[in-house]
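What you are looking at is a predicted structure, and each value in this text was computed from that prediction instead of being measured. Each chain gets a letter, A, B and so on, in the order the sequences are listed, and its residues count up from 1.
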Amino acid sequence: MKHRLFSGRAAALFAAFMMLLLAGCSDRPSPINPAAPVAEEQFKLILLSIGIMLIVCTVVFVLFFIVLVRFREKPGEVKIPKQVEGNHKLEITWTVIPILLLLILAVPTVALTFALDENHSDVEGTLNVQVVAHQFWWEFNYHDLGVYTAQELVVPENTRVQFTLDSADVIHSFWVPGIGGKMDTNPGITNHMYLDMPAVQPDPDKNIYVGKCAEYCGEGHALMDFKVKVVTQDEFNAWVDSMRQPVQVSEAAQRGEELFAANCISCHAINGEQPSPSGPNLKGYANRDLVGGFRPNETQWVKEWIRSPKDVKPGATMPAFNLSEEELDALVQYLFELR
Amino acid sequence: MAHSHATHATHANTKKNYTGIMDWITTVDHKKIGILYFGAGLFFFLLAGVEALLLRIQLMFPMNDFVSAQTFNELFTMHGTTMLFLAALPLFYGYMNYIIPLQIGARDVAFPFLNALGLWTFIFGGILLNLSWFLGGAPDGGWTGYPTLSTFNTAHQGMDFYSIGLQIAGIGTLVGAINFLVTIINMRAPGMSFMRLPLFTWATFITSALILFAFTALAIDLIFMTFDRLFSARFFDVAYGGNPILWQHIFWIFGHPEVYILILPAFGIMSEVIPTFSRKRLFGYSSMVFALALIGFLGFMVWAHHMFTVGMGAFANALFAIATMLIAVPTGIKVFNWLLTMWGGSIRFTTASLFAISFVPTFVMGGVTGVMLASAPADYQYHDTYFVVAHFHYVIVGGSVFGIFAALFYWWPKMFGKMLNETLGKWFFWIFSIGFHLTFFVQHFLGLDGMPRRVYTYLPGQGWDLSNLVSSIGAYMMGIGVILLLINVVYTIRKGPDAPADPWDGRTMEWTVSSPSPLYNFKQTPLVRGLDAFWKEKMDGNKGMTPAEPLQPIHMPNGSILPFLMSLGLFIAGFGFIYKDYDFNNALMNGLFNNYIVIYAGLLMLFGSMATRCLIDDPGYYIQPEELKEEEA
Amino acid sequence: MSQTNAHSNTALTGQLERATLEGRNKILGFWLFLGAETVLFGTLFAAYLGLRHQVLDGPTPQELFSLPFVALMTAVLLVSSLTSVLAVQAMHRGNVKVMLRWLIVTVLLGFTFLCLEIYEFNHYVALGHTFSTSAFSSSFYSLVGFHGAHVVIGVVWITLVILQMPRKGLTPVTANKVYVASLYWHYIDVIWVFIFSLVYLLGRVG
């Protein structure tokens, strides 16, 4: 009776988990659906370790169920089993076999650890990008190109990008799950990490990869997302050029420009050739997909954001601006012309 | 020395009598202290459990607004901190206090007074930490309290409560560890050699050694945080040459052994419960002891595997990855030894044994993900995701908490003299363990799918909605299970049948004394003739242990209020430190706190009590053989 | 404990502090406590060694530390360790009077050391080396100050032991107190030797 309970429970659980597993796996890039070389290497290691661990689990579970079925106390029987002290051969066996299994895992672990630690910044064709993490947004500085942006990391396809990672306040962690593992950004200490970018896909949505902050950094941590935009080399060159162009807006955005100069410019640069004073650089803002890193970049959300950033993203350090509806519209018009 | 005998004769017979609540506050009896540890631990366990349930409501749906981001951060910080420091360890300390002296044939622990001091500092530290909920806001830096986030935010006192509350509670833990070590080394009954110690006693011994060397490192780290926050020190302040990574190293030099501090006692419990309910001696006793010691030792060598993404460089990462994988070997030895203990046995399914037996596969599942995490380059993907959350809950719930529940059903009759209801117990087991797997199994996949941990919410459309919902439902099943346990406890206290001395056909010496155990434990110190001392006597046809001494007066320590007062002094001084620069908008309060009067008052209470203890000796009292005979009749 | 009587003949060997099981428990427990203290100080040393170059605008170790002065402090503390040994030896001979004399000398030397340390710290603060100057200064004061706090506790503790001796006489209980207090005092001295070499000597070297 109890035996049936055990196996019935196991089967039901297994079925439930498999369903969930399938439901959970979308075609979105992730550590187990890697889209680029570094993530692929890491995924191979994950698969290897899962394989080895499944062997261990299977052995233990099989033994476990045999024990439960064969050695349960039979009703009405009170027997004193033989008191076995131990068995040296067996004990040596289950000491040695795990060591061998671990060796199989240890060798590629060590090899990949050293490979991923290499610094390629001086290698021809490497793009160097400085990442500066802020509560709760990301600054991306292309010092070699003299271009400075935020929140959207634009990279050419099939390129190795060498990141230098810094923090402006607390510890964050820079992570693009589909492209490769993460690295912390520590205040006062500069870290290095490289990632290889994937090729451009025909479906434009698939060229945008979600990036996240992985180290708990305060109230806005959950929403401290960014985007990686993979483009062709030509598109990338065009983007760099556009970032170097001064901002030009239409007649209609004049009012917004004045408002921006009065309220925003002390924190937000609109010049792609210099780092922003304290908030994200807004040069090229019109081309961004998101406001605040996670809401669609549409009039309604932009106005919401300016009115009260903390209500959109808890912990945001930008103050609330008490502007009239008409002023907000003018400001949004201006922002949407920042190309 | 004749002189010393004279002192005993003149002073030793004055027994101090306390009753009611004063009896519990002044007690130095290891059994009452054990029960108090157990009760306080259970209270904090329920509290942290409720915090977890609130977290799971918030995460049930994407972009839920059940609690604010700040509240969520406080909840998960306090859930972790409370579970690890104030629930799991004190519950184990409760069992250790009650059971260890009985298992080694001792009448008491080595330091009854210090034992009480440890209990009260833990309780007052825990209260101080949790009062933060009512005083402006709980700690919000995560249970790991990484600077500069934890030192940055001085807007509210949350992290001061964390650093000072944990400091006080930690003193209690440290004192308890020294007490257990000396008890096990010096107080064993004749014939109880080290290689005859029950495994739970061995686990306590090694756990205590880990606490001795790990909690001290945490104490210094907490002092650094307190200094940085309250006294403008610059340990973690980058602008003044400080280094926030220093905290992480010291924290994990404590923190990794802490994980073993929580799991080794559970290993010990399993090694008691599984043999008892298989009616078979533990398979490979000496390799089990060796594996415990090795796990404890290696536990100090692997701290940096929590820091693979900090940027330590390939060499350090590779080294710590290999060291971490090594721990799987002694752990594997233990798992197979448990399986082989059951092999050929005659397994009885009680609630205690169900928890112990199902511990084996659940712990293996937690263990293998641990090895996966040890692979540093793969950890760059797992780190700080729900995969890690799933891993450590499999280890800590599937390991430590299953151990706590197995021990609860196993030793409850001994501690409280009543049998818990087995039917309710089995319902509790099934609901709790199914809920546990539902909650945490899916979290592996959430992590592999890229969901970071410690997020107060997540956006819809990422494929995480269903898994989170299932996880929350599982959490509520665990909650329902625990309610069944509480009903069981209340029902038992009121109507439960009285427990016999040896309800489970036990193997070790705690089952030779009545349930609950008498004040003096053993009327005559027993003579131990082998491993599983009681089982050996039973197999030889004896009813109980052979006494190692004639019936003679038993020396007992007197109760004392001083441990309570010393801890209260620390508690008051702790408040003084937290609020030393605080503006209360009230002249009296400002006067008391800002002039450090509260600090001085608390420290005066602490050191005054210590001086009293130093100057006035209390030699205790004797129970005469005539009284023992009366009780027998 | 009832085992007490059975073991009291060990007192005849002259080690009164180990005459009872309680006494032996306390000595073992205290050794374990010193093990824990070693981790405390070890962590403080590690933090200091990690941060000692972070001087920033404050005075450097070379500018601050005066070796002759620190050598004087070291000599005072080391001599006090010797006098505490002499006290325990006198106790083992059963000579309470001599024991008390040496204990009093120990306390006075400890007190002298404290006065020197307070003077030293005052001098540093005057030079602009305060607790909040830099990571170096914070870790310096934490390490050396933590040791200083141990000396304060030791001085008060030994004083309390001295005060109760005339009333209680030499018993297994009081002998144990003298012995354990002197263990503690030695330990503080050993820590100071490390502070002298790793903080002051290393600081002068650079």
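- Taking CZ from C/F41 and CD1 from B/I220, the interatomic distance works out to 8.0 Å, rounded to the nearest 0.5 Å.
- There is no contact between B/L218 and chain C, counting heavy-atom distances below 4.5 Å.
- Nearest heavy atoms, C/A36 versus B/T216: O-CG2, 3.3 Å.
- B/I250 touches chain C through its side chain: at least one heavy atom from C-beta onward sits under 4.5 Å away, while N, CA, C and O do not.
- Heavy-atom pairs under 4.5 Å with chain B were tallied for C/T130, C/I153, C/L56; the largest tally goes to C/L56.
- Counting heavy-atom pairs closer than 4.5 Å to chain C, the top residue among B/L615, B/L246, B/I178 is B/L615.
- Neither the backbone nor the side chain of C/T38 comes within less than 4.5 Å of any heavy atom in chain B.
- Residues C/F131 and B/F231 approach most closely at CD2-O, 3.5 Å, considering heavy atoms.
- Closest approach of C/A135 and B/R234 over heavy atoms only: CB-O, 3.5 Å.
- Contacts of B/D617 with chain C are made by both backbone and side-chain atoms, with heavy-atom separations under 4.5 Å.
- Across all their heavy atoms, C/G35 and B/F213 have their closest contact at O-CE2, 3.8 Å.
- Interface residue B/F111: only side-chain heavy atoms are found under 4.5 Å from chain C.
- For chain B, the option among C/S142, C/G58, C/G50, C/S137 with the highest count of heavy-atom pairs below 4.5 Å is C/S142.
- The closest side-chain heavy-atom distance from C/S138 to B/Y240 is not below 4.5 Å.
- Heavy-atom distances place no part of B/A209 under 4.5 Å from chain C, backbone and side chain included.
- The contact between C/L40 and chain B is made by backbone and side chain atoms together, counting heavy-atom distances below 4.5 Å.
- Contacts between B/F224 and chain C at a heavy-atom distance below 4.5 Å involve the side chain alone, from C-beta outward.
- Between the OG1 atom of C/T43 and the CD1 atom of B/I223 there is a distance of 10.0 Å, given to the nearest 0.5 Å.
- Taking all atoms of both residues into account, the shortest heavy-atom contact from B/A233 to C/S132 is N-OG, 4.5 Å.
- Residue contact with chain B, scored on non-hydrogen atoms closer than 4.5 Å, involves the side chain of C/K177 exclusively.
- Applying the 6.0 Å contact sphere to CZ of C/F69 captures more than 12 heavy atoms from other residues, nucleotides or ligands.
- With rounding to the nearest 0.5 Å, the separation of CG in C/N25 from CG in B/L181 is 12.0 Å.
- How far CG of B/N186 is from CD of C/E22: 11.0 Å, rounded to the nearest 0.5 Å.
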